[in-house]
Amino acid sequence: MAKWLENPDILIVGAGPSGAIAGALLARKGYSVMTLEKQTFPRFSIGESLLPQCMEFIEEAGMLEAVNNAGLQYKNGAAFRRGDTYTDFDFSEKFTPGWGNTFQVQRAGFDKLLADESAKSGNNIFYEQEIIAVTPDAQQPSAVSRAIDGSEKTVRAKFILDASGFGRVLPRLLNLNKPSEFPVRQAYFTHVMDNIEPSEFDRHKILVSVHPEFKDVWFWLIPFAGGRCSLGVVASQAFLDRYPEDPEIKLRQLVKETPALQHLLRNAEYAMPVRSIVGYAADVTSLYGQGYALLGNAGEFLDPVFSSGVTIAMKSASMAANLLDRQLQGGSVDWQTEYAKPLQAGVNAFRMFVEAWYDGRFQDIIFYQGQSPEIRGMICSILAGYAWDQKNPYVSEPRRLNTLAEICRSN
Ligand code: FAD
């Protein structure tokens with residue numbers, strides 16, 4: 001039973017993946033933790049294809065058994081299609097040691113599972129509590145929460161972790177928002193009962209399909225357990241505005257223009273109204289401040305193409321929880337060199353790959369048939385989420401992508 005704490009050691013804003021993992025880790029270390037979540041769970045969220053690297057953090061937070069037993073769709077790789085060319089990466093081929101499999105998840109149930117596991121570890125989670133004000137302070141930062149009945153309460157903690165995702169609570173309240181360098185892109189998505197013949201689709205992999213005419217327009221098809229798939233398209237807002245206004249007609253028309261995907265989905269039934277999210281790329285001037293740190297999407301969000309969001313969210317949760325443990329025990333922590341910089345090293349590796357995806361370099365690399373297994377293994381590591389492995393030359397020197405793309409293009 002969750003207990004309301006006026007003075008917890010740690011106050012967490014939001015009970016999504018980053019909040020649930022950080023809360024479990026800190027509660028398991030013996031700290032008093034309270035998480036205030038604006039919505040009720042289960043609730044819909046986008047971000048349904050996990051990467052193997054995030055299994056490490058699920059395990060660290062003591063949630064592995066629950067996640068393994070949840071009947072989720074097993075995932076062991078990523079497949080890409082452009083025109084008649086198809087290529088797939090099996091995570092077992094990756095260069096970096098570690099987990100080589102994970103799951104694809106409907107986030108409503110998955111996020112509830114993580115939050116419930118976090119609560120079992122001692123994280124006191126309260127739903128329908130929206131954080132509306134925050135006062136930073138090195139010793140005792142505080143926050144005001146508003147319940148659904150309008151009543152407000154102040155919580156004074158030793159530290160605040162902002163895990164509010166796209167809510168971006170501290171960036172908004174403390175003026176930390178910085179525009180992303182990426183152009184404004186938009187996604188339209190839904191769930192379908194896919195009715196795909198088993199022989200036509202490897203359900204253990206996410207399928208990313210490129211529009212035949214526009215290489216910066218792409219679709220995800222993420223299979224779940226039970227014959228359901230998440231289907232989405234990503235493009236610039238200006239491009240999508242050229243299509244009919246009705247979201248379902250828009251998505252159907254774009255799928256129709258992409259023959260192999262249209263063929264795969266020829267018997268699909270749309271199982272949910274088509275939704276849209278726009279301008280999701282975001283950045284901040286700082287990932288930490290007086291008595292607080294930003295986790296996951298509350299910090300920076302790049303782009304969905306490599307399914308890196310939940311992995312970055314969980315990585316940041318693990319890093320921050322371990323640093324906070326030291327700090328609360330009286331040790332000193334340099335949040336710039338020990339949190340922001342190393343976290344951003346991985347985010348920057350993903351950034352290089354995202355840029356290379358949209359300008360076509362990455363596509364030319366993966367669709368090139370003559371790639372050496374060693375290089376494929378290094379690329380595969382990034383696709384599996386191991387963007388912090390400095391031993392991988394494509395992490396430590398991402399400019400190598402340029403040379404590689406040139407080689408692939410000239411062959
Ligand atoms: P969230 O999951 O957003 O959780 C934040 C929580 O904070 C929410 O429950 C919210 O209600 C709560 N909150 C917000 N404001 C307040 C407040 N004021 N007070 C209290 N609580 C508050 N990632 C992947 O890993 N794989 C994918 O396939 C993938 N696909 C994506 C596709 C698209 C189109 C987009 C835009 C993103 C995608 N992502 C994907 C990214 C993924 O959605 C996020 O990175 C991930 O959900 C971040 O987790 P989080 O814990 O930081 O935040």
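- A distance of 9.0 Å separates CG in L51 from CD1 in I312, rounded to the nearest 0.5 Å.
- Screening residues 26-61 for ring-ring contact (aromatic ring centres under 6.0 Å, His included) gives F41-Y127, F44-H191 as the qualifying pairs, with residues at least two apart or on separate chains.
- Closest heavy-atom contact between P179 and D283: O-CB, 4.2 Å.
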Do any side-chain atoms of residues 13-22 form donor-acceptor pairs under 3.5 angstrom with protein atoms, and if so which ones, sequence neighbours left out?
none

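- Q186 places no side-chain N or O within donor-acceptor distance of the main-chain N or O of S276, the cut-off being under 3.5 Å.
- The two residues L401 and M352 come nearest to each other via the heavy atoms CD1-O, 4.1 Å.
- The two residues M55 and L64 make their nearest non-hydrogen contact at CE-CD1, 3.9 Å.
- Partner of T87 under the side chain to side chain contact (heavy atoms under 4.5 Å, CB included) criterion, out of R376, Q363, R81, Q371: R376 alone.
- No hydrogens or angles considered: nothing links the side chains of Q237 and D241 as a donor-acceptor pair under 3.5 Å.
- Although no hydrogens or angles enter the test, the distance criterion places a donor-acceptor pair under 3.5 Å between the side chain of R107 and the main chain of G47.
- I12 is listed as a side-chain neighbour of V33, based on a closest heavy-atom distance under 4.5 Å.
- With sequence neighbours left out, the side-chain hydrogen bond (donor to acceptor under 3.5 Å, both in side chains) criterion links D389 to T96.
- Counting only distance, with no hydrogens or angles, the side chain of E37 and the backbone of Q39 share a donor-acceptor pair below 3.5 Å.
- For the 3.5 Å distance criterion, the side chains of N322 and E60 qualify, holding a donor opposite an acceptor.
- In terms of the salt bridge (Lys or Arg N to Asp or Glu O under 4.0 Å) criterion, residue partners of E248 (sequence neighbours excluded) are, by chain and number, R252.
- Closest approach of A24 and A61 over heavy atoms only: CB-O, 4.0 Å.
- Among pairs with a residue in residues 244-269, none fulfils ring-ring contact (aromatic ring centres under 6.0 Å, His included), at least two apart in sequence or across chains.
- The backbone N or O of A108 sits nowhere less than 3.5 Å from a side-chain atom of R43 that would complete a donor-acceptor pair.
- Under the 4.0 Å criterion applied to side-chain N and carboxylate O atoms, E48 and R228 are not assigned as salt-bridge partners.
- For E355, the side-chain hydrogen bond (donor to acceptor under 3.5 Å, both in side chains) criterion is met by no residue, not counting sequence neighbours.
- Of the possible donor and acceptor atoms, one in the side chain of S164 sits under 3.5 Å from a partner among the backbone N and O of V169.
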Worked check of ring-ring contact (aromatic ring centres under 6.0 Å, His included) between F166 and F301: CA-CA 9 Å; F166 294 113; F301 181 70; 5.5 Å; yes
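- Y386 places a side-chain N or O within 3.5 Å of a backbone atom of W99 that can act as its donor or acceptor partner.
- Among residues two or more places apart in sequence or in another chain, the side-chain hydrogen bond (donor to acceptor under 3.5 Å, both in side chains) test is passed with S145 by Q129.
- Counting heavy atoms from C-beta on, the side chains of P8 and S32 come closer than 4.5 Å.
- Within 6.0 Å of the CZ atom in R266, the count of heavy atoms belonging to other residues, nucleotides or ligands exceeds 12.
- In summary, R28 and D325 do not engage in a salt bridge, as defined by a charged side-chain N under 4.0 Å from a carboxylate O.
- Between F80 and F362, the ring planes lie perpendicular to each other; the angle is over 60°, past the 30° to 60° tilted range.
- Between the side chains of W388 and Q53, no donor N or O sits under 3.5 Å from an acceptor N or O.
- When L231, V233, L264 are each tested for a side chain to side chain contact (heavy atoms under 4.5 Å, CB included) with V255, only one passes: L231.
- Every residue two or more places apart in sequence or in another chain that forms a salt bridge (Lys or Arg N to Asp or Glu O under 4.0 Å) with K112 is listed here: D116.
- The main-chain N or O of L323 is never found under 3.5 Å from a side-chain atom of Q327 such that the two would form a donor-acceptor pair.
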With a 3.5 Å cut-off and sequence neighbours excluded, list the donor-acceptor pairs that the side chains of residues 152-160 form with protein atoms.
| unit_1 | atom_1 | unit_2 | atom_2 | d |
| --- | --- | --- | --- | --- |
| E152 | OE2 | R146 | NE | 3.1 |
| E152 | OE2 | R146 | NH2 | 3.2 |
| K158 | NZ | D9 | OD1 | 3.0 |

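- Shortest non-hydrogen contact noted between L302 and A281 is O-CB, 3.5 Å.
- Among pairs with a residue in residues 3-30, those fulfilling ring-ring contact (aromatic ring centres under 6.0 Å, His included) read W4-F126, at least two apart in sequence or across chains.
- Applying the side-chain hydrogen bond (donor to acceptor under 3.5 Å, both in side chains) criterion to D90, with sequence neighbours excluded, gives S92.
- Distance alone, capped at 3.5 Å, is enough to place a donor-acceptor pair between the K75 side chain and the L50 backbone.
- Panel note: side chain K250, backbone L240; a donor-acceptor pair is recorded below 3.5 Å.
- Annotation: E65, atom CD; neighbour count of heavy atoms from other residues, nucleotides and ligands within 6.0 Å does not exceed 12.
- S121 and N123 are not linked by any side-chain donor-acceptor pair at a separation below 3.5 angstrom, with hydrogens and angles left out of the test.
- Using a 4.0 Å cut-off between charged side-chain N and carboxylate O, E181 and R351 make no salt bridge.
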Show every donor-acceptor pair shorter than 3.5 Å between a side-chain atom in residues 213-226 and any protein atom, with sequence neighbours excluded, or say none if there are none.
| unit_1 | atom_1 | unit_2 | atom_2 | d |
| --- | --- | --- | --- | --- |
| W218 | NE1 | Y358 | OH | 2.8 |
| W220 | NE1 | S230 | OG | 2.8 |

